[in-house]
Amino acid sequence: MTAKKKPKVYITRKLPDAVETRMRELFDAELNIDDAPRSVPELIAAVKTADVLVPTVTDRIDAALIEQAGPQMKLIASFSNGTDHIDVEAAARKGITVTNTPNVLTEDTADMTMALILAVPRRLGEGARVLTDKPGEWAGWSPTWMLGRRIHGKRIGIVGMGRIGTAVARRAKAFGLSIHYHNRKRVNPAVEDELEATYWESLDQMLARVDIVSVNCPSTPATFHLISARRLALLQPTAYLVNTARGDVVDEAALIKCLRESRIAGAGLDVFENEPAVNPKLIKLANEGKVVLLPHMSSATIEGRIDMGDKVIINIRTFIDGHRPPNRVLPGR
């Protein structure tokens, strides 16, 4: 009896060693050892021959690429929570199933969101640079030096009260913040009661009344520049904005203008509208202490990446065995 042929799986980026080892055991897996982003011609060659494509958020899997897929290509098992980098509708038309890795990055992303919520008002980046950029020049403690803003007792407005937004709310409540949120739908009443959360049907009205805005909604056509120039103008001059969702949810040019003109107090960003490119004006503002910038690392934990890899493997194995994968993404969702 011949052994069952392993499916050919093409992985676009370097994954944790434990995940890659398991991939090689189970599948005919082509790895990306040097972690260089794959070019469009390389991706086209992959979808022409592979049974399964495993992309990440840095890969643009658009309709033009999907159209090039060979008849054997039936699954895109994305190593990501979001799927805004994949044209799910085009995949469905081609008869290709799409899966993702939800629910494993919630706590890690919420932790980093909370870190930025603390870092921006309390000027942690500036304080750290005092000791590293000019060692020996710190004159010691002073009653009026490096004063930031207290977050206890302030109001936080969460834009997008899904799993991550709710996890952020739980952390924020523990720090003494009053929870306000805007979402397409109200959350479960039990969750509202637990968090003592105030629901705002109007995003505009909420933004005008909170001290900290945390952006936690997905990137969709409906959320592109959701935090627009008009909405940024609604914020109080003492307000802070934190974004660990997707860069294009915030109008970055408008945010830069607000920060330069001190129309808001500061911002903390882990995502950018044109990443990996970061606007030089944002870097200048960071050097001036008006913004804290991180390189899209809110989900970057060893545990989280291994959990993501496990979900990719489960999705592939379930699909290959002829069953519906647990994390299938449907068009329009």
Side-chain angles (χ1 to χ4, degrees), residues 55-66 76 78 80-93 98 100 102 105 109 112-113 116 157-165 168 180-185 200-208 210 212-235 239-260 263-264 267-282 285 291 293-299 329-333:
T56 69
V57 293
T58 62
D59 303 301
R60 182 170 171 76
I61 314 301
D62 58 16
L65 176 66
I66 290 168
I76 298 172
S78 189
S80 65
N81 183 38
T83 54
D84 47 293
H85 58 299
I86 302 171
D87 191 325
V88 179
E89 285 77 13
R93 290 194 299 269
V98 176
N100 65 341
L105 305 178
T109 303
M112 192 64 83
T113 305
L116 285 171
I158 296 173
V159 182
M161 195 73 152
R163 292 184 181 91
I164 294 173
V168 170
H180 297 251
Y181 76 97
H182 168 78
N183 205 44
R184 286 182 302 172
K185 298 178 181 178
W200 293 86
E201 186 174 356
S202 167
L203 175 58
D204 289 4
Q205 290 181 12
M206 183 186 79
L207 292 176
V210 296
I212 300 167
V213 176
S214 178
V215 180
N216 300 108
C217 60
S219 173
T220 68
T223 62
F224 178 78
H225 284 187
L226 180 68
I227 308 300
S228 60
R230 182 186 66 79
R231 286 194 165 118
L232 285 167
L234 299 173
L235 297 178
Y240 300 90
L241 182 138
V242 169
N243 186 9
T244 55
R246 285 290 186 266
D248 62 8
V249 177
V250 177
D251 184 337
E252 196 169 274
L255 175 62
I256 289 169
K257 191 171 189 295
C258 280
L259 290 165
R260 292 176 68 182
R263 288 193 277 119
I264 63 173
L269 306 176
D270 184 51
V271 289
F272 307 94
E273 194 162 352
N274 299 300
E275 61 181 74
V278 179
N279 192 314
K281 293 178 181 177
L282 278 176
L285 287 166
V291 61
L293 306 178
L294 296 177
H296 201 148
M297 57 186 284
S298 63
S299 64
V329 179
L330 297 175
R333 294 290 180 88

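The salt bridge (charged side-chain N to carboxylate O under 4.0 Å, His left out) search around Lys281 returns none, not counting sequence neighbours. The side-chain contact (heavy atoms from CB on, under 4.5 Å) test applied to Thr113 returns Thr109, Ile117, Val168, Ser214, Asn216, Val242, Thr244, not counting sequence neighbours.
For the residue pair Asp270 / Ser298, a side-chain donor-acceptor distance below 3.5 Å is found, with atom types taken as modelled.
Checked by atom type and distance alone, the side chain of Thr223 pairs as donor or acceptor with a backbone atom of Pro218 at under 3.5 Å. Looking only at distances, a side-chain donor or acceptor of Asn100 sits under 3.5 Å from a matching main-chain atom of Asn81.
Side chains of Asp87 and Leu65 form no contact here, defined as non-hydrogen atoms less than 4.5 Å apart. By the 4.5 Å heavy-atom criterion applied to side chains, Leu241 and Leu232 are counted as neighbours.
A distance of 10.0 Å separates CG in Asn243 from CD in Glu273, rounded to the nearest 0.5 Å. Leu203 CG to Leu226 CG: the interatomic distance, rounded to the nearest 0.5 Å, is 5.5 Å. A distance of 8.0 Å separates OG1 of Thr58 from NE2 of His85, quoted to the nearest 0.5 Å. Here the SG-CD1 distance, from Cys217 to Ile227, works out to 7.0 Å after rounding to the nearest 0.5 Å. Between the CD1 atom of Ile158 and the CD1 atom of Ile212 there is a distance of 10.5 Å, given to the nearest 0.5 Å. Annotation: the span from Thr56 atom OG1 to Ile61 atom CD1 amounts to 8.5 Å, rounded to 0.5 Å.
Here the closest non-hydrogen pair linking Ile66 and Ala90 is CG2-O, 3.8 Å. For the pair Trp200 and His182, the tightest heavy-atom approach, listed with the atom from each and the gap, is O-ND1, 3.0 Å. When every heavy atom of Phe272 is checked against every heavy atom of Glu252, the shortest pair comes out as CA-OE1, 3.5 Å. Contact between Met161 and Tyr181 at its shortest, heavy atoms only, is CB-CD1, 3.6 Å. The two atoms that bring His180 and Met206 nearest to each other are C-SD, 4.0 Å, heavy atoms only. Between Pro55 and Ile86, the closest heavy-atom pair is CG-CD1, 4.4 Å.
The neighbour count for Arg230 CZ, taken as heavy atoms of other residues, nucleotides or ligands under 6.0 Å away, is above 12. More than 12 heavy-atom neighbours from other residues, nucleotides or ligands sit within 6.0 angstrom of CZ on Arg263.
No option in Asp204, Val250, Val213, Val159 other than Asp204 meets the side-chain contact (heavy atoms from CB on, under 4.5 Å) test with Arg231. The one candidate from Ser299, Ser80, Ser219 that meets the side-chain contact (heavy atoms from CB on, under 4.5 Å) condition with Val57 is Ser80. Of the options Leu282, Val291, Asp251, a side-chain contact (heavy atoms from CB on, under 4.5 Å) to Ile256 is made by Leu282 and by none of the others. Under the side-chain contact (heavy atoms from CB on, under 4.5 Å) rule, Leu293 has a single partner from Leu269, Leu116, Asn279, which is Leu269.
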- Message: Applying side chain to side chain contact (heavy atoms under 4.5 Å, CB included) to Ile76 and Val329, what does each step give before you reach the verdict?
- Response: CA-CA 10 Å; Ile76 298 172; Val329 179; over 6 Å; no
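Between Arg246 and Asp248 there is no salt bridge, since no side-chain N of the basic residue sits under 4.0 Å from a carboxylate O of the acidic one.
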